[in-house]
Protein chains: 2
Amino acid sequence: MNQSARQALRRGEGTAAILEAAEALFSEQGFDAVSLRQVAEQAGVSKANIIHHFGSKEGLYIAVLRGAVERCDALLESLEEGEPLERLRSYTRENLRQMFDQPEAYRLLLREVLEHGQERGRELATRVVGESFARLVALVREGQDAGALRREIDPGLMAIVLVACKVFLFQAGGVLRHLPGAEVTQDPDRYMEAVMTLLLEGAR
Amino acid sequence: MNQSARQALRRGEGTAAILEAAEALFSEQGFDAVSLRQVAEQAGVSKANIIHHFGSKEGLYIAVLRGAVERCDALLESLEEGEPLERLRSYTRENLRQMFDQPEAYRLLLREVLEHGQERGRELATRVVGESFARLVALVREGQDAGALRREIDPGLMAIVLVACKVFLFQAGGVLRHLPGAEVTQDPDRYMEAVMTLLLEGAR
DNA sequence: GTCTATATCCCGATAGAC
DNA sequence: GTCTATCGGGATATAGAC
């Protein structure tokens with residue numbers, strides 16, 4: 001049982017302790033690899049208690065997923081003022097920081113995309129990632145309207161490349177940092193800054 | 001039991017049928033979620049037979065992983081002649097096609113990076129992905145030497161962004177195709193072409 | 001809301017015949 | 001090289017007391 005689970009238990013919030021333990025375990029190992037016994041142990045409750053609160057293992061997973069989505073959405077609310085290009089920069093930078101601040105929640109969402117992206121692609125697109133993606137595309141469009149970005153570029157593609165670079169560092173950073181020539185990846189801020197510069201200025 | 005597993009069995013190649021079934025299952029569901037019973041069923045052999053050939057479930061997984069790495073490496077050998085920029089373009093395009101041609105093998109490798117990228121990062125970097133990454137960086141350097149790419153850009157970063165965009169489409173394509181504004185992602189060739197153009201010309 | 005005890009099932013691995 | 005039968009353990013889920 002970890003510290004904050006212990007605190008939650010002391011306050012009588014059994015479900016909170018369970019949710020926290022489950023999020024950590026599911027995000028690290030995936031749904032199938034985690035047993036209720038593990039969750040119960042880490043949360044400091046019994047297996048039966050989990051079933052009592054969430055009905056089944058899948059019910060617990062859905063509750064955990066819902067929580068992670070809400071938390072990630074809430075984090076993305078705040079958007080600084082300023083020039084479009086600078087807002088795009090800060091939004092992307094902040095977003096990457098949030099991923100590293102809340103790795104469990106983001107890993108869980110990414111796992112969901114990887115695992116069920118084919119069958120539940122439409123559902124995930126509309127309910128989970130659609131809003132924040134639309135916001136990013138709108139930011140790029142604002143940059144075009146303000147004359148800071150070329151009209152010819154596809155705002156959707158620009159947004160995708162930005163997200164791809166963020167996600168890739170988050171997922172593969174542990175491997176990238178050991179590749180000769182990939183030293184930029186060792187500092188997320190510097191990495192994202194370099195990506196933005198490359199995208200804006202171009203390689204040619 | 002699928003068709004090619006049936007064919008392999010008919011030829012007396014039990015191990016081949018097992019490896020093929022195991023690669024499909026491991027790449028779809030991950031190591032822990034797959035049972036020997038599933039593998040045995042899909043390969044048309046008994047559980048005991050698998051243990052007899054590979055010693056344990058982990059032994060089977062390692063054999064599958066080794067096969068996937070070898071196959072992916074072999075596919076990347078051939079490199080067309082021509083101008084550096086065109087070679088970079090065709091290399092990236094071909095690589096993406098290969099991912100979609102052999103999704104099981106690539107999904108398996110990506111899973112390995114995501115799951116064990118933290119602990120085994122150095123090992124994966126040197127033994128699995130190091131060589132092909134170095135080749136990509138070298139291609140970018142050649143472009144710089146030929147004067148087709150600016151000296152200021154970091155070849156490693158350029159390579160990472162290219163890989164990130166490839167991997168992201170491969171992983172999240174099922175979700176991306178349903179996002180308004182992300183229509184480019186519906187054709188891998190067109191997508192990769194658009195990414196290259198954006199990277200070369202820049203957005204500003 | 002939390003527990004213990006238990007039912008039922010499936011897991012990986014072994015033993016040994018053919 | 002392949003099989004059947006089985007062991008020991010851990011999985012999810014249920015029943016019912018406190």
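All heavy atoms count here, side chains included; hydrogens, waters and symmetry mates do not. Residue numbers begin at 1 in each chain, while the letters A, B, ... track the order of the sequences.
Residues that satisfy the salt bridge (Lys or Arg N to Asp or Glu O under 4.0 Å) test with A/E58, not counting sequence neighbours, are absent from this structure.
Residue B/Q38 contributes atom CD, which lies 12 Å from atom P of C/dC10 at whole-angstrom precision. Look at CD1 on A/I18: it is 10 Å from C1' on C/dT2, rounded to the nearest Å. Rounded to an integer number of Å, the gap from A/N49 CG to D/dT12 C1' is 15 Å. The CG atom of B/L60 sits 15 Å away from the C1' atom of C/dC11 (whole-angstrom rounding). One atom, CD of B/E41, and another, P of C/dC10, lie 11 Å apart when rounded to the nearest Å.
Across all strands shown, B/H53 has heavy atoms under 4.0 Å from sugar-phosphate atoms exclusively, and none from any base.
Taking the ring centroids of A/F26 and A/Y61, they lie under the 6.0 Å cut-off.
Contact annotation: the side chain of A/T185 never approaches that of B/L157 to less than 4.5 Å [non-hydrogen atoms, C-beta and beyond]. Side-chain contact between B/L200 and B/L85 is present, with at least one heavy-atom pair separated by less than 4.5 Å. Side-chain contact between A/P180 and B/F133 is absent, with no heavy-atom pair separated by less than 4.5 Å.
The pair B/R97-B/E94 meets the salt-bridge criterion, since a charged nitrogen lies less than 4.0 angstrom from a carboxylate oxygen. With respect to the salt-bridge test (charged N to carboxylate O, under 4.0 angstrom), the residues B/E115 and A/R111 qualify.
A side chain to side chain contact (heavy atoms under 4.5 Å, CB included) with A/L114 is found for one member of B/V175, B/L110, B/L114 and no other, namely B/L114.
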Contact state string [nucleotides 12-18 of chain C, B base, S sugar-phosphate only, - no protein heavy atom under 4.0 Å]: BBBB---

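Summary of helix geometry: the two end axes of the helix from C/dG1-D/dC18 to C/dC18-D/dG1, each defined by five base pairs via their C1' atoms, are inclined to each other by 10° (rounded to 10°).
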